[in-house]
Amino acid sequence: MSDSLPNTRTTLPPLPSLHRPSRMEAEAAVRTLIAWSGDDPDREGLADTPGRVVRAYEEFFAGYREDPVATLAATLEPAGSYDGLLVLRDIRLESHCEHHIVPILGVAHVGYLPAGRVVGLSKLARVVDIFARRLQSQEALTVQIADTLDRVLQPLGVAVVIEAAHQCMTTRGVHKPGTATVTTRLLGAFRHDAALKAAFTAAIGSHRETTP
């Protein structure tokens with residue numbers, strides 16, 4: 001493999017600095033939606049729902065309060081003599097569609113070819129979680145994970161594949177359960193080295209496509 005690969009590294013845009021409503025304002029918004037849906041937010045079964053929803057949102061969208069770059073950088077260490085492909089597959093992924101705020105459920109497969117530095121395996125999964133726990137499109141999520149790994153690890157190449165089901169397609173709209181969406185981001189050596197790309201495909205399962 002050549003060391004003179006094109007520079008594909010990008011700088012992730014910062015999250016916008018927005019006014020965050022108070023918990024009271026958030027709960028009031030939930031009450032409004034319940035009432036708009038046609039129910040009484042003050043009835044016994046719903047009286048505590050606004051608070052529960054806000055607490056659930058704190059968990060669903062915890063990724064806005066975490067820094068994926070710092071998470072990766074904290075455990076960088078020399079790769080030693082290891083210079084082969086490293087793959088973490090079938091990382092459980094739970095996100096929410098930015099168009100309808102309904103779940104996106106699936107798995108992510110992450111691989112990279114080290115260039116002198118490796119990172120703790122759990123941190124790869126953690127980066128997936130951080131970006132997933134934001135309002136997302138699957139395409140953007142795939143790019144964010146891959147570009148962050150590329151930026152921090154500075155490897156010879158990065159590959160990310162996400163396979164997921166979107167409840168905006170299964171529970172509303174076209175109502176097509178069993179449909180999966182596959183997105184791929186290949187950087188560096190994975191774009192140019194057919195053998196490396198094939199090794200990644202084999203590692204995550206030969207039935208999966210990895211076209212850039």
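Since this is a predicted model, take the numbers as computed values, not measurements. We're numbering straight along the sequence, starting at 1.
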- request: Find out if a path of hydrophobic residues (ILVMFWY) with successive side-chain heavy-atom gaps under 4.5 Å connects Ile130 to Val119.
  value: no
message: Starting from Leu141, can I reach Leu105 by hopping between I/L/V/M/F/W/Y residues whose side chains sit under 4.5 Å apart?
response: no
query: Going by distance alone, is a donor N or O of one side chain under 3.5 Å from an acceptor N or O of the other, for Gln138 and Thr183?
result: yes
- request: Tell me whether Leu33 is reachable from Val54 by hopping between hydrophobic residues (I, L, V, M, F, W, Y) whose side-chain heavy atoms are closer than 4.5 Å.
  value: no
Main-chain N/O of Tyr64 paired to Arg133 side chain as donor or acceptor, under 3.5 Å: no
message: Looking at every non-hydrogen atom in both residues, tell me the closest pair between Pro155 and Tyr112 and how far apart they are.
response: CB-CD1, 4.1 Å
task: If the plane angle is over 60° it's perpendicular, under 30° parallel, otherwise tilted; pick one for Phe61 and Tyr57.
output: perpendicular
task: State, with a plain yes or no, whether a side-chain heavy atom of Val107 is found less than 4.5 Å away from one of Leu93.
output: no
field: Point-to-point distance, once rounded to the nearest 0.5 Å, from CZ of Arg185 to OG1 of Thr142
entry: 9.5 Å
- prompt: Could you state the interatomic distance from OG (Ser137) to CD (Gln144), rounded to the nearest 0.5 Å?
  reply: 7.5 Å
Flag side-chain contact, heavy atom, 4.5 Å: Asp147 against Leu187: yes
Heavy-atom pair of closest approach, residues Arg126 and Thr71: CG-CG2, 3.7 Å
- request: For Ile101 and His96, work out which heavy atoms get closest and say how close.
  value: O-CD2, 4.0 Å
message: Quick check for you: to the nearest 0.5 Å, what is the distance between Arg23 atom CZ and Glu58 atom CD?
response: 4.0 Å
message: Show the nearest heavy-atom pair for residues Thr75 and Gly120, with the distance to one decimal.
response: OG1-N, 3.3 Å
message: Tell me if a side-chain donor or acceptor on Ser95 pairs with a main-chain N or O of Gln136 at a distance below 3.5 Å.
response: no
query: Is the shortest heavy-atom distance from the side chain of Leu86 to the side chain of Leu121 under 4.5 Å?
result: yes
message: Out of the candidates Val110, Leu85, Asp193, Val160, only one should pair with Phe200 under the side chain to side chain contact (heavy atoms under 4.5 Å, CB included) rule; please name it.
response: Leu85
query: Atom CG of Leu153 and atom OG1 of Thr148: how far apart are they, to the nearest 0.5 Å?
result: 10.0 Å
- prompt: Does Arg31 have any salt bridge (charged side-chain N to carboxylate O under 4.0 Å, His left out) partners at least two apart in sequence or in another chain, and if so, which?
  reply: Asp42
field: Separation between CG of Leu46 and CG of Asp39, rounded to the nearest 0.5 Å
entry: 5.0 Å
task: Would you name the heavy atoms of Val53 and Val30 that are closest together and state the gap between them?
output: CG1-CG2, 3.8 Å
For Arg20, salt bridge (charged side-chain N to carboxylate O under 4.0 Å, His left out) partners two or more places apart: none
task: State which residue, out of Val128, Leu88, Val161, Thr184, fulfils the side chain to side chain contact (heavy atoms under 4.5 Å, CB included) condition with His109.
output: Val161
message: Checking Glu98 now: which residues fulfil salt bridge (charged side-chain N to carboxylate O under 4.0 Å, His left out) with it, not counting sequence neighbours?
response: none
- prompt: So, for Phe190 and Leu113, which heavy atoms are closest and what is the spacing to 0.1 Å?
  reply: CE1-N, 4.2 Å
- prompt: Got a sec: does the CD of Glu25 have more than 12 other heavy atoms crowding it under 6.0 Å?
  reply: yes
query: Which distance, rounded to the nearest 0.5 Å, do you find between the CD of Glu27 and the OG1 of Thr49?
result: 10.5 Å
